[in-house]
Amino acid sequence: MKIMKFGGSSVADASRIKSVADIVLSKAENEETGPVVVVSAMKGVTDILLSAAAAAESGDNLYKKLILDLKQKHHQAVKALVSDNSIGVTLLIKIDAILDELAEILHGVELVKECSPRTGDLISGFGERLSSLLTSAHINNRGVPCEAVDAREIIRTDDAHGRAAVDFKTSGELIRKRIVTGSGNTPIYIVTGFIASTSQGVATTLGRNGSDYTASILGAALDADSVEIWTDVDGILTADPRIVPEAWVIDEISFQEAMELSFFGAEVIHPFTLRPVIEKNLPVFIKNTMNPSAPGTRIARNAAPKDRPITGIASVDDVSMITIEGGGMVGMPGIASRIFASVARTGANIIMITQASSEHSVCLVCRREEALIAAEGLEKDLSDTLHSGIIRSIRLNDGLEIVAVIGENMQGQPGLSGKLFSALGDTGVNILAIAQGSTELNISFVIKGDDKNTAITAIHRAFLSQRPRG
Ligand code: ASP
Ligand code: MG
């Protein structure tokens, strides 16, 4: 049995949803059971919901118009997707009830002039509830038994709203109880991506783009054969094609490499997605809804070895670097732990760390807004060391970019970083900091944001210009 996840662009409108149903039904014909399908909200809907919440919070009537827009969008899709009168009427009643509920919640937000993270999670998950009903009704309309499942019933999380942590044990039990596959006449299940709930039944979300993660949670719980992430590109590319037009699709990639690429901003897959499937050793395929016959990218433990040192290049935009500098830190145990504890207290996520062996300086790289808060926290928490001169300064540099070069074949390859940095040097790109993990899977470096395109193009030319045959 397969898990098939379709992202927002794959269910963007009625004609896209028809293509999704074509793909799902052709799989259903060829296999004994399943598939289990996960859908995102129709493209743009989650953003509209968040805008509506923000408008309501600030007392702006715009939210009412946004609800009407959503109603029109979904009604239009029903008209195009459902010809059977009784299926259509039932569906419209359900859609309208959901949108009425949304209107009431938003009205509440308007009255109290506050949208807490908890309420934000409740509101942002409405899109998936609508798209799953729409997709399942369309498949029913084509004469195939199909059932929409609200993932709040089956995925349990803590209450960290905005990016809740999954309770895998309880979720696994709930998923296996609700989604029964294996016998020939089970329906096709269309599960909402992105949303979940706490043990108290409070709605949560798995973070933006979290539907990929929903798919892998289901895959692991149901012991699926594979998880397919259907999107609008042919697979994971060697680099962002907006920067490197000659970038090409990687046919096979290891779990570790794919995790590194997604962590460093490759947008095809949510960074958490691979955690549940790695343990179960389930392969993940990235496929294109607009081009279903393309082979896509296979992510698996036993990915075929490559004959090139680098697998792909990713980058993170708009980061800032905090540099903590001072001769007094040399050989002083405990200073690093104070630095990291202070950053952790602010909730900022550190993407990259470097420390010169002299211990004269420690650099931390975070997204811009988080770096700002982290730097403020450090000034406060380390004020004693600033006064005593142990630390001379805490500096913040904005407008930077992290570029990460990723590949398992970099392990034990002497001369590789030489080639990498001379390719960059030849184009005049200045490097502000470098980090390499001891697994040698990833070399990341910080440059000025303006140098991003030059740097990525130069590395691609140096290492990835030879597209493999086959
Ligand atoms: N609809 C959610 C979002 O836009 C989740 C997803 O698409 O995966 O973030
Ligand atoms: Mg996505």
Side-chain angles (χ1 to χ4, degrees), residues 3-13 16-17 19-20 36-54 66-67 69-70 73-74 77 95 98-99 102 105 115 117-136 148-152 154-155 157 160-166 171 190-197 203-219 227-233 236 258 262-263 265-277 284-290 367:
I3 311 290
M4 304 173 85
K5 178 261 169 177
F6 294 89
S9 57
S10 300
V11 292
D13 56 31
R16 301 250 53 88
I17 292 178
S19 312
V20 165
V36 174
V37 176
V38 175
V39 288
S40 290
M42 294 172 84
K43 186 178 182 166
V45 166
T46 311
D47 288 330
I48 293 176
L49 290 164
L50 290 168
S51 308
L66 293 175
I67 299 172
D69 290 349
L70 288 176
K73 188 183 180 73
H74 288 88
I95 287 178
I98 289 176
L99 289 170
L102 174 67
I105 296 165
C115 184
R118 170 173 166 160
T119 307
D121 263 1
L122 176 61
I123 293 170
S124 61
F126 270 73
E128 274 71 10
R129 292 165 62 189
L130 295 165
S131 65
S132 62
L133 287 173
L134 203 52
T135 309
S136 65
V149 177
D150 185 330
R152 290 176 301 175
I154 54 176
I155 299 184
T157 64
H161 289 284
R163 180 170 272 210
V166 176
S171 302
I190 311 285
V191 184
T192 56
F194 182 50
I195 60 177
S197 73
T204 56
T205 63
L206 305 177
R208 290 308 305 268
N209 296 314
S211 301
D212 296 345
Y213 191 26
T214 306
S216 71
I217 294 166
L218 293 178
V227 175
E228 295 180 351
I229 307 287
W230 288 79
T231 173
D232 54 4
V233 290
I236 298 181
S262 67
F263 179 72
E267 282 161 17
V268 258
I269 190 163
H270 182 281
F272 289 176
T273 309
L274 298 173
R275 286 188 200 161
V277 294
V284 175
F285 293 84
I286 310 291
K287 300 275 292 173
N288 189 352
T289 317
M290 328 277 176
R367 292 195 188 273

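For ligands, and for the atoms within them, numbers begin at 1 and follow the listed sequence.
Shown here for A148 and S136, the closest heavy-atom pair between the two residues is CB-OG, 3.5 Å. The two residues D121 and A203 come nearest to each other via the heavy atoms CB-O, 3.7 Å. The two residues L206 and H270 have their closest heavy-atom pair at O-NE2, 3.9 Å.
Between V39 and the choices L134, T214, L130, T135, the side-chain contact (heavy atoms from CB on, under 4.5 Å) rule is met once, by T135.
Here H270 has no heavy atoms under 4.0 Å from ligand 1, in either its backbone or its side chain.
At least one N or O atom of R208 sits closer than 3.5 Å to an N or O atom of ligand 1. For ligand 1, the polar-atom distance check against K5 finds no nitrogen or oxygen pair separated by under 3.5 Å.
Residue N209 has at least one heavy-atom neighbour below 4.0 Å for each of these atoms of ligand 1: 3 (C), 5 (C), 6 (C), 8 (O), 9 (O). The distance from ligand 1 to the heavy atoms of S40 drops below 4.0 Å at these ligand atoms: 6 (C), 7 (O), 8 (O).
A donor-acceptor contact closer than 3.5 angstrom links the side chains of T157 and T204.
Heavy atoms of G210 approach ligand 1 to within less than 4.0 angstrom.
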